[in-house]
Amino acid sequence: LHSTKSVRGSISHYLQAFLRNASIQNDFKTYASLHGCDLVSFQCVVARHEWCRVKERFSDAFGMHKKACRRANGGCTAPILKEEDRP
């Protein structure tokens, strides 16, 4: 996964906190490195089986979050996450 918007801290920590705060999963595993190489702060790695367990609930909650961001900030921009299956 990677974010196309600037996020304070890392997307790995953001995703863990989002899933915990949305009561989706308290101990979601994300990784900030792949094959011994550190990723940049807007990228993280998630095991496919872990992501499949939370993807639908995450998408619903994240959609509401995006609407709230647009409403609060008076614009058409909101956080975006992209899912990719290749490093």
Side-chain angles (χ1 to χ4, degrees):
L1 293 172
H2 70 273
S3 168
T4 60
K5 286 288 188 183
S6 175
V7 177
R8 291 200 173 122
S10 72
I11 193 64
S12 185
H13 292 129
Y14 174 86
L15 187 56
Q16 290 172 337
F18 186 91
L19 291 168
R20 184 177 51 252
N21 292 336
S23 299
I24 295 172
Q25 187 168 336
N26 287 330
D27 58 348
F28 192 71
K29 302 275 191 231
T30 62
Y31 304 92
S33 65
L34 181 65
H35 304 303
C37 297
D38 290 337
L39 301 172
V40 293
S41 64
F42 55 87
Q43 295 177 316
C44 74
V45 175
V46 177
R48 185 181 314 274
H49 70 277
E50 293 281 340
W51 181 242
C52 288
R53 285 193 306 177
V54 301
K55 183 178 178 177
E56 187 175 331
R57 290 178 294 159
F58 169 81
S59 295
D60 291 343
F62 196 65
M64 289 189 288
H65 174 66
K66 288 171 60 169
K67 286 180 189 176
C69 286
R70 285 191 296 269
R71 207 172 295 128
N73 296 317
C76 59
T77 61
I80 298 170
L81 288 177
K82 290 187 177 182
E83 177 183 0
E84 296 183 17
D85 62 357
R86 295 193 309 189

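Just so it is clear, the structure is predicted and the values come from calculations on it, not from any experiment.
When every heavy atom of C44 is checked against every heavy atom of L15, the shortest pair comes out as SG-CD2, 4.2 Å. Across V45 and S33, no two heavy atoms sit closer than the pair CG2-O, 4.1 Å.
Residues satisfying the side-chain contact (heavy atoms from CB on, under 4.5 Å) criterion with A17, sequence neighbours excluded, are R20, N21. With sequence neighbours left out, the side-chain contact (heavy atoms from CB on, under 4.5 Å) criterion links K55 to W51, S59, E83.
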Per-pair distances, 0.1 Å, donor-acceptor, side chain in residues 62-76, under 3.5 Å, sequence neighbours excluded:
residue, atom, partner, partner atom, Å
H65, NE2, Y14, OH, 3.1
N73, ND2, C69, O, 3.1

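Separation of the F18 and F58 ring centroids falls under the 6.0 Å cut-off.
I11 places none of its side-chain heavy atoms less than 4.5 Å from the side chain of T30.
Screening residues 29-54 for salt bridge (Lys or Arg N to Asp or Glu O under 4.0 Å) gives E50-R53 as the qualifying pairs, with residues at least two apart or on separate chains.
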